[in-house]
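Order of the sequence lines fixes the chain letters, A, B, ..., with proteins taken first and strands second; residue numbering starts at 1 for each chain. Note: hydrogens, waters and symmetry copies are ignored here, and every other heavy atom, side chains too, is used.
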There are 2 protein chains.
Amino acid sequence: MTIGEGALLTKISRHFSPSASEIAEIKKLLGNHHEYAARIELLEDSEVLKAVLILNSGWGYSFRDLPNGLRQIIDFMIPGDFFGLRGIFLNGPSLGFASITAVDAAAVSPHSLLAVSRQWPRLGGAILWSASLQGSIAEERLVALGRRSAAGRVAHLLLELSVRLEFIGQGSSSGFFCPLTQHDLANALGLTSIHVNRVLRRLRQLGLVVFRNSEVEFLDRSGLMDIAHFDAAYLGLGREASRKIFGR
Amino acid sequence: MTIGEGALLTKISRHFSPSASEIAEIKKLLGNHHEYAARIELLEDSEVLKAVLILNSGWGYSFRDLPNGLRQIIDFMIPGDFFGLRGIFLNGPSLGFASITAVDAAAVSPHSLLAVSRQWPRLGGAILWSASLQGSIAEERLVALGRRSAAGRVAHLLLELSVRLEFIGQGSSSGFFCPLTQHDLANALGLTSIHVNRVLRRLRQLGLVVFRNSEVEFLDRSGLMDIAHFDAAYLGLGREASRKIFGR
DNA sequence: CGTTTGGTTGACCAAGTTCAATCAGAGTGG
DNA sequence: CCACTCTGATTGAACTTGGTCAACCAAACG
């Protein structure tokens, strides 16, 4: 089993325990995968985006651009995440996808996704569960942009990424590998990269986190959660699981 | 047929033409409805929120509160909208619901919603389509909070509400009934009500919109779309339908 | 090596918030 | 019918957060 299949399976296993034949079905879905270079963009008119992308490895993000050239990142995509589920039901233009690192992703046609959902209802349920999770994450980002300070947003995003990575068996509670640039953070958080830089400096000076050389290191996770008003419940792990991770 | 059933049916008819038996099924789903007073809140521990709410008439909104008491409105709910679909798949706490006007809503159990989806696949598809639409709306609000100015956000929201209302056969291209307070707008747009007030004054002075006495009146819709960077494509009506409504 | 990409810093500026009043309309009790 | 109260709208002045402009730096890479 490759690492990538591991990510989706690890994630799905948080939802239910797939049977051997369900696992085989997942592997079949992920069979038609492809490697994309770092920092490329798939726009809405791209042929690939007629399908759903399932990330096996690497990081990317979904985004919308405004006519004036400003870009808003909707969500970062890590292994095990789906891109373009919405496009199955909505005919309008969906989001754009951009890779951050090199990315290995499977392109699955809406048709086969629907077919699998019909034949393996529990897999269909897992897909809807994953889509719900991504919706919840987008809503929490909405809360962040609307009601959190710049420092709170940065802290919140770093904590969220940490939890999501642990969810697929990557990173640890003390830190994680993070290939984002400060510009990426800014585009996701509705800030400028200059201000993100200043916020990161302050968080470092306060002894809360260090983000340097593509590594996030938590120094005072509890303090960080305070300024972020972070409550992991929106990530779908019940409060018990949340307590287990954070020890409180 | 009551007005409320009309709203949901009108909306669904944009997606596909339901058969007589599908219409009957919808009416059955909406049978168990209830009237709620204006300005009440259903919190996450409420019994009602274990079910999905389908609005028949009246306005409400979904929200999340931060520990420090700040509230972020995720989306306004108008007749034909679903509340709580996400809770079916995600066990974490979903959002809170608050009524704005008096609201008539049907409470549908996740179980019967799933049963209907299985027996009437096209209705199931319409539900997923509606959920996708709401997700797209939330994402567009995310873009607004991240990358639009205060005036752009206000303008964008008013235009969005107008389109959504026309979608269910309410309001017209020249204006609509809008029971929101400036405080509601502020809570949705990540602003203070004081600043919303100033922005509305400016939009009025510029001869773009008037929002007064619960009525929105568009004076220069095209100019408003410019400062809002408004492109209705995210609302799922293809660009053709969009052109039909806006004449460009 | 030179170039490019991303990070860092400072001085200044502007959008939006906070605080503090005032005002208008709707409902309520006397 | 009239005070009283409550909610939401409105405005001004001072202030803060984050943005803009303009450098400069450091690592990576051809």
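Following rounding to the nearest Å, A:Asn213 (CG) and D:dA26 (C1') show an atom-to-atom distance of 11 Å. Following rounding to the nearest Å, B:Leu200 (CG) and C:dG16 (C1') show an atom-to-atom distance of 15 Å. Computed from coordinates, the A:His183 NE2 to C:dT4 P distance equals 18 Å when rounded to whole Å. Atom CD1 in A:Ile227 sits roughly 13 Å away from atom P in D:dT17 (whole-Å rounding). What separates CG of B:Leu180 from P of D:dG8 is a distance of 12 Å, to the nearest Å.
Under the 4.5 Å side-chain criterion, counting only non-hydrogen atoms from C-beta, B:Arg204 is not in contact with B:Phe211. Residues B:Leu55 and B:Phe97 have side chains in contact (heavy-atom distance under 4.5 Å, counting atoms from C-beta outward). Taking 4.5 Å as the limit, some side-chain heavy atom of B:Tyr234 sits within range of a side-chain heavy atom of A:Arg64.
At the phosphate of C:dT5, neither OP1 nor OP2 sits under 4.0 Å from any side-chain N or O atom of A:Gln182. Here A:Asn197 reaches the OP1 or OP2 of C:dT8: one of its side-chain N or O atoms lies under 4.0 Å away.
Across C:dG7, D:dG12, C:dT9, the shortest atom-to-atom separation from the side chain of A:Arg201 is found for C:dT9.
Ring centroids of A:Tyr61 and A:His183 are separated by 6.0 Å or more, keeping the two rings apart.
Within the nucleic acid shown, B:Arg39 has no heavy atom closer than 4.0 Å to any nucleic acid atom.
Between B:Arg141 and A:Glu139, none of the side-chain N atoms (NZ, or NE/NH1/NH2) sits under 4.0 Å from a carboxylate O, so this pair counts as no salt bridge.
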For every nucleotide of nucleotides 18-23 of chain D, 5' to 3': is a protein heavy atom under 4.0 Å from its base (B), only from its sugar-phosphate (S), or from neither (-)? BBBBB-
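Annotation: cation-pi geometry satisfied between A:Arg221 and A:Phe218 (NZ/CZ under 6.0 angstrom from ring centroid, within 45° of ring axis).
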